[in-house]
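First comes the structure, then the notes that go with it.
Each chain gets a letter, A, B and so on, in the order the sequences are listed, and its residues count up from 1.
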Amino acid sequence: MQDPIYLKPETLDRALDYLTEYPQATLWAGGTDLIVHLEHKKLKVSGIIDLTSIPELRFIEDCGDKVRIGALTTIYEIQTSPVIKKEFAFLAQAALVLASWQIRTLATIGGNIVTAAPSAETGCPLILLDGNIIVQSKNGERKIPTNQFFKGPGKCDLAPGEIVKEIELEKLPHGYQTIYQKERLRRSMDIALANAACVLNLDGDKCQEVRIGLGAVAPVPMRAVKTEAVLNGQVMSDELVEKAAQTAASECKPITDIRATADYRRDLIYALVKRQLTALWKAGAE
Amino acid sequence: MKIPISLTVNGDKYDVMVSPLSKLVDVLRDDLLITGPKKGCAEGECGACTVIMDGKPVSSCLVLAPQADGKEITTIEGLEREDGTLDPIQEEFMNSAAIQCGYCSPGMMIMSKALLMVNPHPTEEEVRDALSGNLCRCTGYQQIVDAVMAAAEKERGGE
Ligand SMILES: Cc1cc2nc3c(=O)[nH]c(=O)nc-3n(C[C@H](O)[C@H](O)[C@H](O)COP(=O)(O)OP(=O)(O)OC[C@H]3O[C@@H](n4cnc5c(N)ncnc54)[C@H](O)[C@@H]3O)c2cc1C
């Protein structure tokens, strides 16, 4: 086998030049998905454009009403960032349960969203936040709302010649709480059987606004709109939470695969939604 | 086409020619003959190849060799102090009988080192979390966790 060409640009511009010159080359970030594909012989590499030496793509910046996250920011950096912990606690929680520490050091948020696994850890938090995935090509910049980026298992809204540059996220208004949880068979190194994220704003016991995201139970991380409709404007109660959890279990669209059956995944979603709503409701009432 | 990289491993600088798709674990083991890091699964699942790169733990099977250019790597061989005394982690792994076949041990000890570097006072839960990406198929994990707790205690005592 001929060795692929290896390119290590230090600016985004340079990376885009290389991508124009070698359109077949693979964009390489942490490599934690790519090497697995390579080992399973599901990937042929004719060229590598290593993005890990581009400092302008690796940052977390608090810009007042927004937070910007560079695509090459690692999952470990997200897990430990004071800004992320403060503004989007559930994104830090999701980062903390992605793979293992020795993978989180390498894995990037850009790689996580481009891989577009239905179970992707950062998927649910991102689709619940207002913001954009910003991609760059030789023709300029394109902003894709976070809830429109995922297109199917392994598919996202990224065209040839484009590189994910950053994720910009609007901060949540004061008083909004968030939570992320995942169900898996092992403590580490296991992708989710199901995961869920929730954003809740309460006024006393009244649900002013709720956003619920469900992962690994549809082709893309999905927004549970019917469940949200059950809750919005209502006074929280055990009965309401029960009804919401049942609605979530029925509106998700899981499949049976090697990890779990569709029915079991529905049961997990029921449990996750119930647990999350109860936790945020009780915390909010304190 | 092979490309030149230079990296520092356990304080020694090496210049090597590598294929772009070769992995750090293979360069360490096959080119530099530093065989502490073990190659278990080759896809990030088992933790046996864990090394510390620029102060942070990584699975060396998931790092392309060219990505290690200019980096500082610590393997189990580098835990021993210059005067030949062992790191408290190594001593406590022996004292607690945390080693049976030994295959996972270099990865376990390096991961423990990475933890104690950022968190010198871990709880047992934090130790279990940190080591949750390292598989052991012999001893079970209790002795390993005991060893790390004892090493942390010892390092604190020496402060
Ligand atoms: C053992 C193991 C356990 C895992 N567990 C989990 C888990 O629990 N949860 C989870 O969500 N994931 C898990 N993963 C998957 C993986 O670690 C994550 O998806 C990770 O975030 C991928 O990031 P990366 O930087 O390593 O991506 P890479 O492997 O470098 O790239 C992934 C894809 O994204 C593309 N890409 C990367 N960056 C860009 C960019 N800036 N612009 C355009 N394209 C880009 C690449 O070309 C490639 O197609 C696991 C992986 C392993 C090996």
Side-chain angles (χ1 to χ4, degrees), chain A residues 1-10 22 25-54 72 74-77 79-80 96-108 111 184-191, chain B residues 1-5 17-26 37 39 41-71 107-108 110-112 114-115 117-119 125-135 141:
Chain A
M1 193 182 71
Q2 214 190 334
D3 274 333
I5 180 160
Y6 175 81
L7 303 159
K8 195 171 190 168
E10 286 174 9
Y22 303 97
T26 305
L27 295 172
W28 209 280
T32 62
D33 277 314
L34 285 168
I35 287 193
V36 174
H37 291 151
L38 202 64
E39 289 291 316
H40 291 203
K41 311 227 178 311
K42 288 186 194 149
L43 177 73
K44 279 221 167 70
V45 180
S46 65
I48 296 167
I49 302 176
D50 181 353
L51 302 175
T52 56
S53 297
I54 307 180
L72 270 286
T74 67
I75 298 296
Y76 181 78
E77 285 160 352
Q79 160 200 336
T80 50
L96 183 63
V97 295
L98 187 150
S100 62
W101 190 349
Q102 48 271 66
I103 289 178
R104 294 194 287 273
T105 310
L106 298 167
T108 65
R184 54 186 163 177
L185 297 174
R186 280 167 56 192
R187 186 182 186 114
S188 190
M189 300 292 208
D190 207 1
I191 66 169
Chain B
M1 199 181 64
K2 291 207 172 193
I3 51 176
I5 64 166
M17 297 296 290
V18 300
S19 317
L21 282 177
S22 59
K23 321 294 184 309
L24 174 58
V25 64
D26 295 321
K39 194 169 181 179
C41 67
E43 51 186 64
E45 294 277 352
C46 76
C49 69
T50 306
V51 301
I52 294 174
M53 185 163 88
D54 284 353
K56 301 207 180 74
V58 297
S59 301
S60 61
C61 71
L62 295 178
V63 177
L64 290 181
Q67 293 185 308
D69 185 32
K71 307 281 193 210
M108 287 284 182
I110 280 290
M111 201 60 220
S112 308
L115 169 69
M117 275 161 44
V118 295
N119 180 1
E125 195 61 18
E126 286 167 338
V127 172
R128 286 185 184 274
D129 267 336
L131 295 180
S132 64
N134 294 69
L135 297 185
Y141 297 92

| Highest number of heavy-atom pairs under 4.5 Å with chain A: which of B/Arg128, B/Lys2, B/Met53? | B/Arg128
| request: Quick one: which residue pairs count as a side chain to side chain donor-acceptor pair (under 3.5 Å) with a foot in residues 45-58 of chain B, not counting sequence neighbours? | output: A/Gln102-B/Thr50
| query | Can you list the residues that meet the side-chain contact (heavy atoms from CB on, under 4.5 Å) rule with A/Ile191, with sequence neighbours excluded? | reply | A/Ser119, A/Arg259
| field | Contact origin within B/Val18 toward chain A - heavy atom pairs under 4.5 Å | value | neither
| field | B/Ser60 side chain to B/Cys49 backbone, donor-acceptor under 3.5 Å | value | yes
| What are the two closest non-hydrogen atoms of B/Val51 and B/Pro37, and how far apart are they? | CG1-CG, 3.8 Å
| Where do B/Gly55 and B/Met117 come nearest, in terms of heavy atoms and distance? | O-CE, 3.4 Å
| message | Counting heavy-atom pairs under 4.5 Å with chain A, which one of B/Leu135, B/Leu64, B/Leu131 comes out on top? | response | B/Leu64
| message | Given heavy-atom pairs under 4.5 angstrom as the criterion, report whether the side chain, backbone, both or neither of B/Cys61 touches chain A. | response | backbone
| said: Which one wins on heavy-atom pair count under 4.5 Å against chain A: B/Gly44, B/Ala114, B/Pro66, B/Gly107? | reply: B/Pro66
| message | Is A/Leu96 in contact with chain B via its backbone, its side chain, both, or neither, using a 4.5 Å heavy-atom distance? | response | neither
